[in-house]
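Within every chain, numbering begins at 1; the chains are lettered A, B, ... in the order of the sequence lines, protein sequences first and strands thereafter. Given the structure is predicted, the values throughout are model-derived calculations rather than measurements.
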Amino acid sequence: MNSRQLEKIYEPQAVEARWGQYWLDQGYFHADADAQGQHYSIVLPPPNVTGSLHIGHALNTTIQDILIRWHRMQGHNTLWLPGTDHAGIATQNVVERQLMAEQTSREQLGRDAFVDRIWTWKRQSGDTILGQLKRLGASCDWARLRFTMDDGLSKAVREVFVRLHQDGLIYRGERLINWCPRCLTALSDIEVEHEPVQGKLYHIRYPLSDEPHDGLVVATTRPETLFGDTAVAVHPEDPRHNRQIGRSLRLPLTGRTIPIVGDAVLVNREFGTGAVKITPAHDFNDFEAGERHHLPRLSILTHRGLLNADALREADVEPDLRDAVANLPVTKARPLVVEALQRQDFLTHVDDYPMALGKCYRCKTVVEPFLSPQWFVNVRPLAEPAIAAVEQGHIRIVPEGWTNNYLGWMRGLKDWCISRQIWWGHRIPAWYCTTCTPEARAILDGAGSGSIPTRATPIVSHAAPPVCPTCQQTRFVQDPDVIDTWFSSALWPFSTMGWPDNTKALQTWYPVSTLVTGLDILFFWVARMIMMGLKFTHSPPFRDVYIHALVRDAEGRKMSKSKGNVIDPLTKMSQYGTDALRFTLASMASPGRDIRLSEERIAGYRNFANKIWNAARFVLMQADGVIPLVTPPVVPAEAGSHALQPSTASASEAPVVPANAGTHAPGTPTAMSPITPVVPANAGTHAPLRHSCELSDPGEEAPGTGKSFADQWIVSRVHPVTDAVNRCLQDYRFDQAAGHLYHFIWHEYCDWYLELIKPSLQEGDTATARSTRTTMVHTFERLQRLLHPFMPFLTEEIWQALPHQGDSIVLQPFPKSVPDWENAEAERTFAIIEQCVTTIRTGRALLEYGPSTVLTIRVTANDPDDIARLHDARHHIAHLGRGTVAVLAQEEWPTDRVLRLVVGRVTVGITIEGDVDLNKALARIHKQMQAKQRDADHLERRLASPDFVAKASPEVIQESRDRLALLTAELSLFALSNRQLQNMVSPPPFGKGLG
RNA sequence: GGGCGGAUAGCUCAGUUGGGAGAGCGUUGCCCUUACAAGGCAGAGGUCGCAGGUUCGAUCCCUGUUCCGCCUACCA
């Protein structure tokens, strides 16, 4: 079969499916802890099993895969450990919504059945996610897949919990916590999102109990909470109020009196009236004030956020009002309370008041400060080493701008509430004796309702204790709560590798080399991993933290299902190809900036993939049967030392590859080519497309000897781009690495190199042609390897069709730059060619000669070396400029009917034939002269300034002089050209062009 | 309230020892030139948010300011 029959358009779907499966079958991504080599490891931030992956995951995955493939190709012992997260509240919510649709509830199902139901969902969602990751090309070690609720990881959670409790860093106590009345669970501080709202500030008069006409006016945004007031505070040094301290007030709408206390912490004298009502059970500040003044805590809300009838009775609320507001949610009760206050003349006035309202980050319900017994981690002792690790550079945050963000947060940490009143998650490893705590028995009976009283004594242990140390009884109830999901996530880097056991994996790959994640979970996850890692492994859990951008829509809005602006990665992959999407995301991953993803951009990189595909078609067409067959070494030199090189045995197990694929003899047919999909039934039935030839990197041949100019040049150019890609990846500059690859492949290799060598290739089987074909193929093969981490599927497809050694590009060595390949002379010659050709083409356009018109061209330069280069390169200039080229000194040029154009050091003349409208050319020349004159004037002024000459560096001064000289020379040539053209345009011609 | 980031071509964004302002996409003109029209070639398009300061010289450093975004915070 002939490669000329290749499809003109790259069709990614089949290619991706084929190689994705092949890689898995071959086990290329499996990491062996016993393998040699420098280790490199990443743990995948485990996606929630709440559904499917979004475009942010695609970015996250792409970046990790680029790093992983890059390191794997460098022969490092590379592990990418994947997994998923049980995501307690979020996943429970998903399944509860399903139950709601089925007219049932978790309470009706009961705890065990409900948890079973979530496990079913988890398997489904987990499979979806794994499928998506694989389609993205993620080269994870799937054999090491972990889930946060696996046995091993659960064991790690219990171990950490018990040890923190032993160390006094976990405790149980009654505190005011953030409560979601919809999820019916406690939340940690960072699980509350603050949203600005336009609220109101109600000013309410509290009369003195013994002087009803006098009193204090307090301001509040939540008037309904006054039922729970247990004091009013004023500033002890506020002359307006401080004499009232110690007296009591009558609490409006109730029969209670409450004291006036002095509190310098709570009260800001400048704000409002200087008097603050204290509601210890419903406000964090008031809670602390209540502790300072030993005030009672009166909780007036139920756990569903409704006004509690019993509590209202206890608060001695007026009976009529009590009946009216009981069991109402706050939003409904508030107007009734306000109305009552107004009616009884307690409400002095109401102001508009912008404020921030806390909402549940999972369901957006307004959270309530809620008084309840919970488990907490005392994080301060854990935070200190975690701060030091970053300050001292043991952990590096990239981009480093986020470091202060991290440090600031860590320094202000408060205790972490880790208990959640949900059913999906790791159960708290604490037990209560049913004899000592009779209330605990309710847990056993009910469908999960009931709670353990604050005073109960928990026994924290890996498993249920055999006997109660207090009463010697043996019946226990496990704490019904589960642990915050982020608690188990915090252990991820080491729990996934088998901790607390000291496994080979831990010894080999821990600490993790790089953590790749989004900014949104810097606090939730990264900070806590650092704390836990340091505490339990005495090592930072990772070396580098790369924080990537948030992917927004084209308008810069955050993507969300409710806005309907989510971009589904699978859809885009189907439309444009996975490689195009990956390359887009990598290209846009500039540090510290969010990504606005637009469809056009993806399409642009789809075009890039297509460009490479067509270049491959050309290269293969030219390589077809021509390159001499040379037997490659049986054991590839570079692959031999490669840790991940599959054994001959494993290669032979592959269903789709001939047994000798890794060491194929000359002319061995292979099944893998762009036109012959790897399907076992077809294997070997197609004619060979693969050309066996000696496979060495282009520059490994002595640079400059026996190579044509074009070959010397492209080989010279490979060095800097290789160097740049490696350096950019080292620095996590995926955007710049992608940019270098894009520019080099498209605009150097395709636009210039392939065009330069076409005449040579057409010569047929000459020594020059053979040499050029070799360089062309070798360079192209090298580019595939360089590009592979970014576009794994396309590069594998092409690489397999090119002459190569080995079974897969996945395990080929990543190109290293070789400074010796630089060839300054070839690059100078190229620069001259490029300037000449571009100028000729500009002239062609100005004179409106079509592409097929053969021009008569003269070229020259001031510098003798450049003239020599022009001589050497004149056939290239003739070919690319499409004309006859003579290298002649200016004096020998005709003085008439020549369009002279100047660029840099070269001057180009195009003979004007036929009737041509020269006005375009003249306008162009005028414009260029103006621009150059501006620049020249600027430089002249600068050089005329004594300050500049005295203070600027000699290099800068010399550079300015050189530029001015160049500009002056160009200007005089332009002037000459201008004069000649002016003479020709009068009278203006009727016709134009060549007719 | 505090902190951080951004503002550069129509759009999305690069741009560090301070010295001639770039890319991709879009756009205009010509061209289906045997790898590629998802293409080729050649163009047009920018007082680098505003105002000061430092400097011989500022997109870059400093100060202030406007707008946008994010994080954070207990002023009821």
Side-chain angles (χ1 to χ4, degrees), chain A residues 3-4 6 8-10 190 194 201-202 218-222 233 265-268 270-279 283-289 353 355-356 399 401-402 404-405 408-409 412 519-520 522-523 550 552 554 556 558 576 580 584 587-588 590 592-598 600-601 603-622 733 735-736 739 742-743 747 750-751 754-755 758 837-838 841-846 848-852 882 920 924 935 938-939 942 945-953 955-957 959-960 963 967:
Chain A
S3 54
R4 281 179 188 84
L6 293 187
K8 288 169 80 169
I9 291 184
Y10 173 57
I190 50 174
H194 293 274
L201 192 59
Y202 301 85
V218 302
T220 179
T221 56
R222 308 187 59 191
V265 178
L266 182 66
V267 182
N268 173 357
E270 273 71 55
F271 188 89
T273 59
V276 187
K277 69 198 231 11
I278 301 182
T279 323
D283 182 282
F284 291 99
N285 296 317
D286 293 6
F287 180 84
E288 286 170 19
Y353 187 70
M355 50 187 268
W402 301 121
N404 282 338
N405 225 330
W409 188 76
L519 181 66
D520 48 342
L522 179 65
F523 303 146
L550 185 72
R552 300 173 172 276
K558 209 166 174 171
Y576 300 106
T584 306
S587 297
M588 299 187 78
S590 297
R593 192 189 271 258
D594 285 345
I595 293 178
R596 292 194 189 194
L597 188 62
S598 68
E600 292 77 15
R601 201 68 190 257
Y605 291 115
R606 183 265 323 262
N607 296 354
F608 178 49
N610 194 50
K611 182 77 182 177
I612 298 167
W613 173 255
N614 277 289
R617 288 175 64 217
F618 179 79
V619 169
L620 287 169
M621 186 191 297
Q622 294 299 328
R733 289 306 302 262
D735 57 332
Q736 294 185 343
Y742 184 96
H743 186 267
H747 297 302
C750 291
D751 285 353
L754 289 183
E755 296 304 326
K758 275 179 181 173
V837 170
T838 305
R841 287 167 174 169
T842 303
R844 180 188 291 276
L846 290 173
E848 299 193 329
Y849 292 154
S852 55
R882 210 168 164 75
K920 263 174 97 172
R924 160 81 178 198
D935 288 351
H938 175 75
L939 285 168
R942 174 192 280 184
S945 155
D947 277 339
F948 176 73
V949 180
K951 294 178 184 172
S953 72
E955 294 81 24
V956 171
I957 296 170
E959 194 199 338
S960 298
R963 268 171 49 212
L967 284 168

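Remark: the separation of the C1' atoms in B:G29 and B:U34 is 25 Å, to the nearest Å. Across the C1' atoms, B:A9 and B:U27 are found 11 Å apart, a figure rounded to whole Å. To the nearest whole angstrom, the two P atoms, one in B:A42 and one in B:G24, are 12 Å apart. Taking atom C1' on both nucleotides, B:A58 is separated from B:G15 by 15 Å, rounded to a whole Å. Using atom C1' as the reference point in both B:C60 and B:C48, the two lie 10 Å apart (nearest Å). Here the separation of B:U66 from B:C74, taken at their C1' atoms, is 31 Å to the nearest Å. Using C1' as the reference atom, B:U47 and B:A7 are 16 Å apart when rounded to the nearest Å.
Considering only side-chain N and O atoms, A:K758 lies nowhere under 4.0 angstrom from the phosphate OP1 or OP2 of B:U34. One finds a side-chain N or O of A:R733 lying less than 4.0 angstrom from the OP1 or OP2 phosphate oxygen of B:G15.
Comparing B:C56, B:G20, B:A35 by their closest approach to the side chain of A:N614 singles out B:A35. The side chain of A:N607 sits closest to B:G39 out of B:G39, B:C31, B:G19. The side chain of A:D751 has B:C41 as its nearest neighbour among B:C41, B:A42, B:A14.
Using a 4.0 Å heavy-atom distance criterion, A:S587 is classed as making no nucleic acid contact. Counting non-hydrogen atoms under 4.0 angstrom, A:F608 reaches nothing in the nucleic acid. As judged by a 4.0 angstrom heavy-atom cut-off over every strand, A:R841 is placed among residues touching the sugar-phosphate backbone only.
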What's touching nucleotides 7-10 of chain B from the protein side, N or O pairs under 3.5 Å?
{"residue": "B:A7", "atom": "OP1", "partner": "A:R593", "partner atom": "NH2", "Å": "3.3"}

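Atoms CZ (A:F523) and P (B:C71) sit 10 Å apart, rounded to a whole Å.
For A:Y742 and A:F608, the ring centers sit closer than 6.0 Å to each other.
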